[in-house]
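Below is one structure; the comments refer to it alone.
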Number of protein chains: 2
Amino acid sequence: MNIGDIAKATGISTKMIRYYEETGLIRPATRALSGYRVYSDNDLQTLRFVRRARDLGFTVKQIDDLLTLWRDRTRASASVKEIAMGHVAALEKKMQELKDMSDTLLHLASHCHGDDRPDCPILKTLGSTEAVAPLSRTRDRRKTRAFDRVR
Amino acid sequence: MNIGDIAKATGISTKMIRYYEETGLIRPATRALSGYRVYSDNDLQTLRFVRRARDLGFTVKQIDDLLTLWRDRTRASASVKEIAMGHVAALEKKMQELKDMSDTLLHLASHCHGDDRPDCPILKTLGSTEAVAPLSRTRDRRKTRAFDRVR
DNA sequence: CCTGCGCCTTCCCATCGTTGGAAGGTCAAG
DNA sequence: CTTGACCTTCCAACGATGGGAAGGCGCAGG
């Protein structure tokens with residue numbers, strides 16, 4: 001298989017496949033006499049793994065760690081789970097940040113007429129001296145940590 | 001005020017302030033004889049606006065648009081609201097993506113022992129031929145659109 | 001055999017927002 | 001006058017990805 005073939009098979013662009021090789025995420029492909037990269041079914045499997053991990057939002061570094069564990073048949077499943085749940089925690093942190101932004105914006109927008117008059121509390125608040133977030137962020141915004149949820 | 005002063009006052013680094021100037025988001029500061037940038041209270045206000053918009057997750061381009069509207073006293077508040085709600089929609093899309101990832105990972109992790117044995121359904125699934133997402137994404141994942149929520 | 005087309009190769013550049021450093025000028029206090 | 005904190009510009013990097021140029025390879029049709 002040439003690089004275009006696994007690109008199609010995995011949904012990863014040829015650019016990215018070369019990039020993954022260059023940065024050491026995947027091993028350098030063997031080369032045909034022409035200099036073309038040649039891929040085996042094994043490589044295909046690896047790249048599919050990469051693709052899926054990427055779709056789950058793992059960074060390349062994390063995928064590297066996961067690949068190492070994947071190849072190590074003596075790994076402890078706890079190690080894998082730790083990476084996964086650490087990532088879940090990061091995802092949840094991000095989600096909370098986005099939610100705070102969204103809530104604040106919705107709050108501001110709810111006070112904005114949204115017509116052709118220039119008066120706009122969104123702009124007024126952004127330009128004011130006080131803090132923006134009128135988030136009724138009462139108690140307990142801290143949720144159960146990911147680690148404690150799935151044992 | 002020198003650049004370090006508004007940096008402290010706004011929480012934006014001097015690097016970023018120069019970058020914002022370079023890219024045209026903010027107008028070039030006047031200069032002292034020494035070549036130092038000198039900032040007015042007006043500049044301070046503008047940069048505070050930028051800071052807040054940035055904290056709400058707006059891109060620099062969007063902040064540029066918002067600044068333009070901010071300075072235009074004949075703007076229609078609808079224009080502002082449109083930008084804001086468009087951004088809310090983007091935030092919600094992102095949140096949904098993160099949630100899907102998180103849900104999938106939690107699902108996988110819930111089947112993983114997480115002990116010192118090597119058997120791990122997380123890795124197994126990532127390496128398998130089939131699709132990853134066993135998301136019980138039933139009906140109605142599509143939420144009410146941001147635009148229709150806050151009128 | 002030549003031509004054309006599609007694939008492959010390497011190399012460089014751009015994105016976006018941000019940080020870091022190097023090399024040098026300015027300012028105020030001691 | 002020296003010292004240290006500030007300022008200046010310029011250049012590079014991050015992470016993951018896309019775009020494109022310039023040139024080589026492989027195969028099918030004439």
Side-chain angles (χ1 to χ4, degrees), chain A residues 1-26 28-40 43-44 46-47 49-67 83 87 90-91 94 97-98 101, chain B residues 1-26 28-40 43-44 46-47 49-67 87 90-91 93-94 97-98 101:
Chain A
M1 283 195 296
N2 284 346
I3 197 170
D5 300 320
I6 40 161
K8 258 168 244 154
T10 60
I12 305 178
S13 70
T14 59
K15 290 271 186 192
M16 288 312 297
I17 295 172
R18 294 194 196 98
Y19 170 77
Y20 290 151
E21 176 181 314
E22 183 190 318
T23 57
L25 180 66
I26 59 177
T30 57
R31 301 289 184 127
L33 291 176
S34 59
Y36 285 16
R37 287 173 179 80
V38 176
Y39 295 89
S40 65
D43 297 325
L44 177 61
T46 302
L47 277 165
F49 184 101
V50 170
R51 174 72 210 277
R52 275 158 196 168
R54 204 192 55 175
D55 286 349
L56 288 174
F58 286 102
T59 64
V60 171
K61 175 68 184 75
Q62 286 171 320
I63 298 178
D64 196 20
D65 294 342
L66 287 173
L67 273 179
I83 294 178
H87 185 45
L91 290 172
K94 195 82 189 176
E97 288 168 8
L98 297 185
M101 293 177 191
Chain B
M1 283 194 296
N2 285 345
I3 198 172
D5 301 320
I6 42 161
K8 257 169 242 153
T10 61
I12 305 178
S13 69
T14 59
K15 291 273 187 190
M16 287 313 295
I17 294 172
R18 293 195 196 96
Y19 171 77
Y20 289 150
E21 175 180 315
E22 183 190 318
T23 57
L25 179 66
I26 59 178
T30 57
R31 301 288 184 129
L33 292 176
S34 59
Y36 285 16
R37 286 173 180 80
V38 177
Y39 295 90
S40 66
D43 297 325
L44 177 60
T46 302
L47 277 164
F49 184 101
V50 171
R51 175 72 211 277
R52 276 160 196 165
R54 205 190 55 175
D55 286 349
L56 288 174
F58 286 103
T59 64
V60 171
K61 174 69 183 76
Q62 286 171 319
I63 298 177
D64 197 20
D65 294 343
L66 287 173
L67 273 179
H87 184 46
L91 290 171
K93 179 156 170 262
K94 195 85 189 172
E97 288 168 8
L98 298 185
M101 294 177 191

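In the text below, chain A, chain B and the rest are named by the order of the sequence lines, each starting its count at 1.
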Residues in ring pair (Phe, Tyr, Trp, His ring centres under 6.0 Å) contact with Tyr39(B), at least two apart in sequence or another chain: none

Point-to-point distance, once rounded to the nearest 0.5 Å, from CG of Leu67(A) to CG of Leu25(A): 5.5 Å

Distance in Å, Arg51(B) CZ paired with Asp55(B) CG, rounded so as to fall on 0.5 Å steps: 4.0 Å

Interatomic distance, Ile17(A) CD1 vs dC8(C) C1' [rounded to whole Å]: 13 Å

Nearest-Å distance for atom pair CD/C1', residues Glu21(B) and dG17(C): 17 Å

Nucleotide N/O to protein N/O under 3.5 Å, stretch nucleotides 27-30 of chain C:
none

For atom CD of Glu22(A) and atom C1' of dT9(C), their distance in whole Å: 13 Å

Pull out every protein N or O sitting under 3.5 Å from an N or O of nucleotides 13-16 of chain D, one pair per line with the distance.
unit_1  : atom_1 : unit_2   : atom_2 : d
dA16(D) : OP1    : Val60(A) : N      : 2.9

Nucleotide dC6(D), atom C1' - distance to OH of Tyr39(B) in whole Å: 14 Å

Partner set under ring pair (Phe, Tyr, Trp, His ring centres under 6.0 Å) for Phe58(A), not counting sequence neighbours: His87(A)

Ser13(A) side-chain N/O to dG18(D) phosphate OP1/OP2 under 4.0 Å: yes

Counterpart residues, ring pair (Phe, Tyr, Trp, His ring centres under 6.0 Å), relative to Phe49(B) (two or more places apart): Trp70(B)

Interatomic distance, Glu97(A) atom CD to Leu91(B) atom CG [nearest 0.5 angstrom]: 11.5 Å

Arg54(B) versus Ile63(B), closest heavy-atom pair with distance: N-CD1, 3.7 Å

Nearest-Å distance for atom pair CD1/P, residues Ile12(A) and dG18(D): 11 Å

Is there any protein nitrogen or oxygen under 3.5 Å from a nitrogen or oxygen in nucleotides 10-13 of chain C, and what are the pairs?
unit_1  : atom_1 : unit_2   : atom_2 : d
dT10(C) : OP1    : Arg31(A) : NH1    : 3.4
dT10(C) : OP1    : Arg31(A) : NH2    : 3.0
dT10(C) : OP2    : Arg37(A) : NH1    : 3.0
dT10(C) : OP2    : Arg37(A) : NH2    : 2.9

Contacts of Asp64(A) that satisfy salt bridge (Lys or Arg N to Asp or Glu O under 4.0 Å) - sequence neighbours left out: none

Angle between terminal axes - the helix from dC1(C)-dG30(D) to dG30(C)-dC1(D), 5 pairs each end, rounded to 10°: 30°

For Thr30(B), all residues meeting side chain to side chain contact (heavy atoms under 4.5 Å, CB included), sequence neighbours excluded: Val38(B)

Modelled atom types, side-chain donor and acceptor of Asp43(B) and Thr46(B), under 3.5 Å: no

Salt bridge (charged side-chain N to carboxylate O under 4.0 Å, His left out) pairs, two or more places apart, involving residues 30-40 of chain B: Glu21(B)-Arg31(B), Glu21(B)-Arg37(B)

Tyr20(A): ring pair (Phe, Tyr, Trp, His ring centres under 6.0 Å) partners, not counting sequence neighbours: none

If you look only at distance, which donor and acceptor atoms sit under 3.5 Å apart when one is on a side chain in residues 4-13 of chain A and the other is two or more places apart or in another chain?
unit_1   : atom_1 : unit_2   : atom_2 : d
Asp5(A)  : OD2    : Asn2(A)  : N      : 3.0
Thr10(A) : OG1    : Ile6(A)  : O      : 2.7
Thr10(A) : OG1    : Ile12(A) : N      : 3.2
Ser13(A) : OG     : Met16(A) : N      : 3.1

